[in-house]
Amino acid sequence: MTNIQFIQNQVTAAPKSIEATLKLLSEDCTIPFISRYRKDQTGNLDEVVIENIAKLSKQFDEIQKRKDSVLKAIEEQGQLTSELKSKIENSFDLQEIEDLYLPFKKKKKTRADVARENGLEPLAKIIMAQNSDDIEFIASKYLNGKVPNEDEALQGARDIIAEWINENIYIRKNLRRMFQRKAMVETKVVKTKKDDEAAQKFSQYFDWAEPISKAPSHRLLAMLRAEAEGFVKLNVEIEKEEAIEFIENNTIKNNRETADQLRLAIKDSYKRLLEPAISNETLQEAKAKADAKAIEVFAGNLGQLLLAPPLGEKRILAIDPGYRSGCKAVCLDEKGDLLYNETIYPHQPQNETAMAIKKIKSMVNAYNIEAISIGNGTASRETEFFIKKIAFDKPVQVFVVSEAGASVYSASKIARDEFPNFDVTVRGSVSIGRRLSDPLAELVKIDAKSIGVGQYQHDVDQTKLKEELDTVVVRCVNSVGININTASKSLLSYVSGIGEKMAENIVAFRSENGPFEDRKQLKKVPRLGDKAYQQAAAFIRIKDGKNPLDNSAVHPEAYPIVEKMAKDLGLKTAELIGKKDKISLIKPETYVTSEIGILGIKDILKELEKPGLDPRKAAKVFEFDANVKTIKDVRSGMILPGIVNNITAFGCFVDIGIKESGLVHISQLKEGFVSDVNEVVKLHQHVQVKVVEVDEERKRIQLTMVF
């Protein structure tokens with residue numbers, strides 16, 4: 001099987017498209033570049049399919065590498081037959097490859113190894129042949145200094161048979177299927193930990209059992225966390241009798257005296273070797289699926305968060321609310337640069353309300369503030385009410401934004417480098433303000449795991465989580481495009497073809513030479529060669545530059561085509577951009593070249609109609625219910641406005657303006673069955689919810705959107 005056939009078995013794409021994609025990837029083309037600017041070669045494959053092709057190609061290479069390693073190891077032992085070699089070479093199932101390798105795998109000395117050393121393998125073969133009776137008499141012929149009696153001889157022979165059964169591929173495959181279909185995952189509380197306060201959040205799993213194939217990802221990960229923290233014992237089991245009966249039916253041929261020895265060997269093989277190994281395999285496989293689901297949910301949420309509506313280039317006053325330590329307020333200009341910072345104390349215990357109002361009004365007027373951004377942490381609602389009471393001299397929009405991850409950013413090296421002369425409180429406030437003007441540009445500075453829009457993100461495979469989240473960030477950054485003259489090093493590092501080191505070079509070049517005036521200047525950046533330029537150029541934007549196309553998603557390689565289109569219409573390039581009536585006169589097929597096909601030309605025409613259009617919507621002001629300030633104000637039956645602030649596989653959490661978010665279970669999202677929460681709601685969506693139940697003691701609120 002070739003890598004193209006392997007990939008085609010798992011994605012919906014023509015072999016020609018897969019081959020073209022692999023070729024482009026091998027030439028160091030990035031996924032955003034391929035999906036946007038090489039549509040004609042790939043047959044219009046989107047980013048997700050191209051990402052899958054890249055992953056599957058890597059998986060194919062890993063399987064090939066493992067097969068080569070296994071073949072070499074068996075060959076070095078002089079055990080590689082042509083039949084075994086053919087089986088390994090033709091298999092693309094890693095489990096099957098490992099099963100084929102199992103008899104030859106180097107392992108610690110086993111009971112079977114000791115029995116072989118004691119000369120008992122011939123006796124094991126006689127028993128397995130099942131042609132003999134009076135087995136004790138036969139066993140007596142194998143006694144020696146290390147095997148003093150018939151019982152020990154038979155025990156040693158059974159140890160060898162148990163190992164043979166364990167290494168039988170047919171038996172292992174079928175037991176795996178039985179575990180996958182019928183295994184139960186069971187948890188029991190560790191009695192000495194039952195009354196621990198920390199254990200109570202896992203009380204549901206003190207005595208729990210369900211089919212592992214049906215356990216939702218969040219529940220399985222919760223059980224595994226409870227086990228990891230020592231509160232429960234977890235087992236994965238099938239009916240022992242059914243498993244043993246299956247092995248007996250496929251091992252024992254008759255009722256001769258050897259059958260009793262085989263039954264004993266089978267029970268031992270299952271209990272000591274097969275069950276622990278396959279139970280663990282089944283759990284790991286279920287964990288991998290649960291990880292994949294959790295990562296998918298997290299990645300989806302992160303993508304929505306990064307593409308949240310930006311307010312745009314406005315002058316913003318940002319506030320990180322607090323009680324005793326006060327509210328840290330900062331003023332930012334249109335580019336997000338810090339102009340001024342101040343601490344106010346409008347709340348208890350100081351209650352300096354009048355002074356705080358005076359300072360806020362003064363800042364709004366002095367720095368021409370257009371919007372106020374308030375973090376949604378401690379004292380958020382009180383700060384929002386306080387701000388809304390102020391009679392400003394002009395309209396000022398007030399927003400409450402998520403401050404998840406702001407503290408992580410404020411203590412990071414990135415923040416220290418940006419603001420070496422300010423403390424963490426100022427940096428945190430700046431982050432709260434910037435994430436209102438441009439969430440994408442600010443949130444890329446924070447480790448995605450710290451943003452807190454997932455479930456059990458610390459329990460899943462961290463390598464896979466990082467890979468997936470990085471992929472999402474790259475996808476979002478390149479779908480929007482970035483202003484190269486204002487973008488931070490963090491944001492630049494995610495642009496197609498650039499990376500961290502090149503981003504540093506671009507920022508340094510910008511500092512030394514001033515703003516970029518056209519895309520071609522990128523080539524003057526140290527170590528930014530032709531390949532990097534090809535991959536990156538179309539994803540950067542230059543506002544008010546020398547060439548109007550530099551503020552669009554048209555790739556520089558297509559500039560001559562656009563210039564020809566304009567010339568054919570008797571226009572200059574600038575006169576064609578944004579002129580839908582003129583663009584509609586252009587026949588795409590006229591401008592197809594050997595490098596850019598019809599799909600590429602159609603994309604160019606779409607871009608010319610709305611050059612540099614930000615795919616994100618504009619930010620909207622939202623108001624919580626003014627009567628709800630704490631969980632004590634929430635009562636069953638209330639209908640409240642809220643914002644979706646986290647999405648999980650089992651429902652969504654909604655911010656209703658207090659510290660505790662409420663849960664809308666997946667069954668309460670709408671009438672009828674819902675298979676995917678994202679079908680109904682998106683992160684940051686404004687929703688109306690009804691309160692079903694309030695548990696003040698456990699600080700839990702159940703909500704519904706069905707009313």
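All values derive from a computational prediction rather than experimental measurement.
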Specify the closest pair of heavy atoms between I647 and V681, including all atoms of both residues, with the distance to one decimal. CD1-O, 3.8 Å

Taking 4.0 angstrom as the limit, do R172 and E281 come out as a salt bridge? yes

Would D113 and K109 pass as an ion pair if we require N to O under 4.0 Å? no

On the 0 to 90° scale, with breaks at 30° and 60°, tag the F92-F60 ring pair as parallel, tilted or perpendicular. parallel

Pair K87, E83 - check salt bridge (Lys or Arg N to Asp or Glu O under 4.0 Å), show working. CA-CA 6 Å; K87 281 181 180 177; E83 184 187 0; 3.7 Å; yes

Say you draw a straight line from CE of M184 to CD1 of I212; how long is it, rounded to the nearest 0.5 Å? 10.5 Å

Short N-O contact, E210 and R219, less than 4.0 angstrom: yes

Min side-chain heavy-atom separation Y101-I74 under 4.5 Å: yes

Please determine, by modelled atom types, if E152 and N118 share a side-chain donor-acceptor pair under 3.5 angstrom. no

Does Q204 CD have over 12 foreign heavy atoms under 6.0 Å away? yes

Looking at K253 and E248, does any basic side-chain N land under 4.0 Å from a carboxylate oxygen? no

So, E163 and T110: side-chain donor and acceptor under 3.5 Å apart, yes or no? yes

Nearest atoms (heavy-atom pairs only) where Q668 meets V664: O-CG1, 3.6 Å

Taking it one step at a time, do K67 and E62 satisfy salt bridge (Lys or Arg N to Asp or Glu O under 4.0 Å)? CA-CA 9 Å; K67 287 201 286 189; E62 285 169 357; over 6 Å; no

Does any part of the side chain of Q59, heavy atoms only, come nearer than 4.5 Å to the side chain of F6, both counted from C-beta? yes

Looking at K193 and D196, is any side-chain nitrogen of the basic one under 4.0 Å from a carboxylate oxygen of the acidic one? no

Just checking N255: does its CG atom have more than 12 heavy atoms from other residues, nucleotides or ligands closer to it than 6.0 angstrom? no

Decide if atom CD of E75 counts as having more than 12 heavy atoms of other residues, nucleotides or ligands within a radius under 6.0 Å. no

Take atom NZ in K682; do more than 12 heavy atoms of anything else shown fall under 6.0 Å from it? yes

Please report the closest heavy-atom contact between A153 and A139, naming both atoms and the distance. CB-O, 4.0 Å

Considering all heavy atoms, the nearest T648-V677 contact: O-CG2, 3.3 Å

Give a yes-or-no answer on whether the side chains of N645 and S661 include a donor-acceptor pair shorter than 3.5 Å. yes

Assess whether salt bridge (Lys or Arg N to Asp or Glu O under 4.0 Å) is satisfied between R176 and D99, documenting all intermediate values. CA-CA 12 Å; R176 266 195 204 104; D99 282 351; 2.8 Å; yes

Please state whether the rings of Y205 and W208 are parallel, tilted or perpendicular, taking 30° and 60° as the class boundaries. perpendicular

Between the side chains of R38 and E27, is the shortest nitrogen-to-carboxylate-oxygen separation below 4.0 Å, so that they form an ion pair? no

Does CD in E19 sit with more than 12 non-hydrogen atoms of other residues, nucleotides or ligands closer than 6.0 Å? no

Surrounding CD of Q77 (heavy atoms of other residues, nucleotides or ligands, distance under 6.0 Å), is the total greater than 12? yes

Are the charged groups of D68 and K72 less than 4.0 angstrom apart, N to O? no

On a heavy-atom basis, which atom in I31 and which in E47 lie closest, and how many Å separate them? CG2-O, 4.0 Å

Any chance the side chains of Q155 and R158 put a donor and an acceptor closer than 3.5 Å? yes

Any chance the side chains of S675 and E679 put a donor and an acceptor closer than 3.5 Å? yes

Gap between atom CD1 of I50 and atom CZ of F33 - 0.5 Å precision: 11.0 Å

Indicate yes or no: does K287 engage D291 in a salt bridge with an N to O separation below 4.0 Å. yes

Scan side-chain atoms only and decide if S91 and E96 contain a donor-acceptor pair under the 3.5 Å cut-off. yes

Walk me through it: do E98 and K105 pass the test side chain to side chain contact (heavy atoms under 4.5 Å, CB included)? CA-CA 9 Å; E98 295 303 329; K105 206 171 190 176; 3.8 Å; yes

Ion pair check, D207 and K188, cut-off under 4.0 Å: yes

Looking at R111 and D159, does any basic side-chain N land under 4.0 Å from a carboxylate oxygen? yes

N-O pairing of E186 and K233 below 4.0 Å: no

Considering residues, nucleotides and ligands other than Q10, do more than 12 of their heavy atoms fall under 6.0 Å from its CD? yes

Test side chain to side chain contact (heavy atoms under 4.5 Å, CB included) applied to L56 and I53, step by step: CA-CA 5 Å; L56 289 166; I53 289 171; 5.8 Å; no

Are the side chain of Q5 and the backbone of T2 linked by a donor-acceptor contact shorter than 3.5 Å? yes

Within 6.0 angstrom of E500 CD, more than 12 heavy atoms from elsewhere: no

Minimum heavy-atom distance F202-A222, with the two atoms named: CE2-O, 3.7 Å

Going from CG on L220 to CZ on R225, what distance comes out if it is rounded to the nearest 0.5 angstrom? 12.5 Å

